[in-house]
Amino acid sequence: MRTMETLSGGQWVASDEWLDVHDPSDVREPVARVPAMSAEDVTRVHDHAEKGFASWRRTSPFDRARIMFEAARLLRERADVIAEAVVTENGKTLGEAGGEVLKAADFFEYYAGVARAGYGTLVHDVRPDTRTSFHREPVGTVLAITPWNDPLLTPARKLAPALAAGNAVVLKPASETPMSALHLARALHDAGLPAGVLGVVTGRIDRISAALTGDPRIAAVTFTGSNTVGEGLRRALADRNVRFQAEMGGKNATVVLADADLSAAATAVVAAGFGQAGQRCTATSRVLVERSVYKEFTDLLLTGVGALRLGPGAAPGTSVGPLVSTGHRAGVLADIERAVQQGATVLVGGDCPKDEAHAHGCFVSPTVLADVTPEMSVWREEVFGPVVVVRAVEGLDDAVEEVNDSGFGLAAALFTRDLAAAHRFADAVDCGQIAVNTTTTGWDVHHPFGGFRDSGSPFKEQGTEALRFYTRVKTVAFHFGA
């Protein structure tokens with residue numbers, strides 16, 4: 001079993017207690033351990049961040065960029081080792097994990113370039129002999145709380161713009177998947193990131209929550225995870241002068257009209273619905289098909305799902321890995337069972353394999369459900385697993401109404417050859433990410449990313465839009481007359 005230390009004050013530190021990490025393809029024995037930090041340890045991380053920010057904010061943007069470019073290079077150089085850690089603790093396939101490492105490197109390269117640019121604008125001033133401008137500066141210490149489904153990518157998505165802008169970051173990765181974040185921290189540390197600018201908190205949240213989120217020196221909190229936790233954080237921060245960014249749940253729909261390339265649409269739904277075992281906030285979970293092609297499309301979808309191979313992420317040929325934990329598997333299976341009790345029909349899957357190759361892992365068979373109504377829980381609530389529901393609609397207007405009949409508003413896709421329908425869909429659907437003839441997943445590092453309504457907060461991630469959250473605006477006027 002490997003042991004990994006965590007980063008605090010520029011040093012790699014251990015602990016008197018340890019947190020076990022399990023491989024979701026075989027949970028019988030822990031595969032690694034990381035420090036289970038105490039509340040006092042967490043306060044020390046905040047102490048270091050306060051000092052780190054004081055120096056990092058005054059560090060040349062060119063030096064920040066150099067460090068970030070080097071961190072990206074190290075991530076690429078260590079891609080095989082880091083991808084293996086992602087597979088081991090998360091369960092996703094080796095191909096998915098390798099792609100995650102490369103995209104994490106992309107984030108640091110992109111924001112290293114952004115760091116070299118100025119963040120400001122010269123504006124006119126009604127006063128004579130006066131030149132006025134406004135510019136952006138870092139907010140301070142940012143607390144980043146990240147989930148287990150993209151254990152390297154999501155920390156990179158938050159760290160890169162925060163560091164580029166000159167902030168210090170306290171990173172709390174998910175307890176199920178801390179190793180990936182520690183590999184990321186190692187790359188930044190080895191690239192020359194000064195002490196205290198990044199600290200990584202590992203441990204049991206019930207013991208360290210107050211110290212983690214209650215520290216008065218926190219200027220901003222960025223969170224990705226469940227609505228339950230996110231809304232709790234929002235309420236806890238409501239009476240404090242702390243900005244809050246959240247990327248939470250989704251119940252993403254793909255609409256297939258009768259004129260669409262049905263084969264391409266089915267292929268896209270299989271990729272978006274079952275990639276990463278459905279454990280993506282942008283995963284397609286609802287499919288709305290125009291009634292005249294419902295059977296043809298559903299047959300194509302079932303053929304695609306039938307070709308998927310369920311197995312350990314590291315095994316050759318695996319296309320769908322396990323869920324992250326036994327508890328999460330139980331929740332997904334309970335969602336399927338409740339759907340069936342409410343009247344849904346299982347077209348494929350709906351269970352977990354019992355053979356020896358899968359018996360000790362957190363596997364759920366890729367599942368497609370039909371005969372689902374909008375009143376059912378599986379239509380309205382996020383399952384976050386390899387479960388897709390299919391429903392017939394009468395046309396575009398009906399489909400748009402169904403897509404918008406949700407508390408979420410993250411991503412939606414439309415498959416059609418009708419350009420007018422595509423524009424109507426993009427205008428009418430209340431989601432932050434709209435795709436036409438492609439998947440609900442796969443947004444690049446420079447694409448602003450985030451949802452509406454219960455899917456998140458007004459602050460977008462990715463692209464230059466992310467800097468709106470990680471910076472504050474200062475306006476400066478110079479009078480140069482007599």
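All values derive from a computational prediction rather than experimental measurement.
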Is there a side-chain contact between [X] and [Y] in this structure, where contact means two heavy atoms from C-beta onward sitting under 4.5 Å apart?
X: P24; Y: W148; answer: no
X: V383; Y: S285; answer: no
X: Q462; Y: V445; answer: no
X: V221; Y: T213; answer: no
X: L212; Y: I205; answer: yes
X: R204; Y: E17; answer: yes
X: T254; Y: V388; answer: no
X: M1; Y: E29; answer: no

[X] side-chain N/O to [Y] backbone N/O, donor-acceptor pair under 3.5 Å:
X: T132; Y: H124; value: no
X: E89; Y: V21; value: no
X: T440; Y: A413; value: no
X: Q245; Y: K460; value: yes
X: R28; Y: H360; value: no
X: K251; Y: E382; value: no
X: T367; Y: S365; value: yes
X: N167; Y: T141; value: no
X: N227; Y: D454; value: yes
X: R33; Y: T3; value: no

### Message
Ignoring hydrogens and geometry beyond distance, is a side-chain donor-acceptor pair present between T93 and T318 at under 3.5 Å?
### Response
no
What's the shortest heavy-atom distance between [X] and [Y], and which atoms?
X: P366; Y: V320; value: CG-CG2, 4.2 Å
X: A164; Y: Y111; value: CB-O, 3.6 Å
X: T439; Y: A272; value: CB-CB, 4.0 Å
X: V332; Y: F384; value: CG2-O, 4.1 Å
X: A156; Y: P161; value: O-CD, 4.2 Å
X: K172; Y: V201; value: CD-O, 3.1 Å

Counting only heavy atoms not in [X], do more than 12 fall under 6.0 Å of its [atom1]?
X: D206; atom1: CG; value: yes
X: R78; atom1: CZ; value: yes
X: Q11; atom1: CD; value: no
X: R380; atom1: CZ; value: yes
X: R116; atom1: CZ; value: no
X: D427; atom1: CG; value: yes

### Task
Please state whether the rings of H447 and W443 are parallel, tilted or perpendicular, taking 30° and 60° as the class boundaries.
perpendicular
### Message
Over 60° means perpendicular and under 30° means parallel, so tell me whether Y110 and H446 are parallel, tilted or perpendicular.
### Response
tilted
Spacing of [X] atom [atom1] and [Y] atom [atom2] [to the nearest 0.5 Å]:
X: N404; Y: D430; atom1: CG; atom2: CG; value: 4.0 Å
X: T88; Y: D26; atom1: OG1; atom2: CG; value: 11.5 Å
X: H358; Y: L310; atom1: NE2; atom2: CG; value: 4.5 Å
X: L182; Y: L7; atom1: CG; atom2: CG; value: 8.5 Å
X: N149; Y: T154; atom1: CG; atom2: OG1; value: 5.5 Å
X: F107; Y: L152; atom1: CZ; atom2: CG; value: 10.5 Å

[X]/[Y] ion pair, N-O < 4.0 Å:
X: R217; Y: D215; result: yes
X: D41; Y: R44; result: yes
X: R280; Y: E96; result: no
X: R472; Y: E137; result: yes
X: D150; Y: K103; result: no

### Task
Assess whether side chain to side chain contact (heavy atoms under 4.5 Å, CB included) is satisfied between T441 and Q276, documenting all intermediate values.
CA-CA 11 Å; T441 59; Q276 294 181 209; over 6 Å; no
### Query
Should C352 and L333 be marked as a side chain to side chain contact (heavy atoms under 4.5 Å, CB included) after you check the CA-CA gap, both sets of side-chain angles, and the distance that decides it?
CA-CA 8 Å; C352 54; L333 290 172; 4.0 Å; yes
### Message
If you apply the rule side chain to side chain contact (heavy atoms under 4.5 Å, CB included), what do you find for N252 with F408, and how did you get there?
### Response
CA-CA 8 Å; N252 311 300; F408 298 108; over 6 Å; no
### Query
Going by the ring pair (Phe, Tyr, Trp, His ring centres under 6.0 Å) test, which pairs reach into residues 20-67, not counting sequence neighbours?
none
Side-chain donor-acceptor pairs under 3.5 Å in residues 191-200, sequence neighbours left out?
none

### Task
Take K158 and V169 through the test side chain to side chain contact (heavy atoms under 4.5 Å, CB included) and record every step on the way to the result.
CA-CA 9 Å; K158 297 177 185 299; V169 181; over 6 Å; no
### Query
Should R157 and D106 be marked as a salt bridge (Lys or Arg N to Asp or Glu O under 4.0 Å) after you check the CA-CA gap, both sets of side-chain angles, and the distance that decides it?
CA-CA 10 Å; R157 177 187 288 132; D106 286 347; over 6 Å; no
### Task
Would you check, one step at a time, whether the test salt bridge (Lys or Arg N to Asp or Glu O under 4.0 Å) holds for K92 with E100?
CA-CA 10 Å; K92 61 181 62 179; E100 183 167 347; 2.6 Å; yes
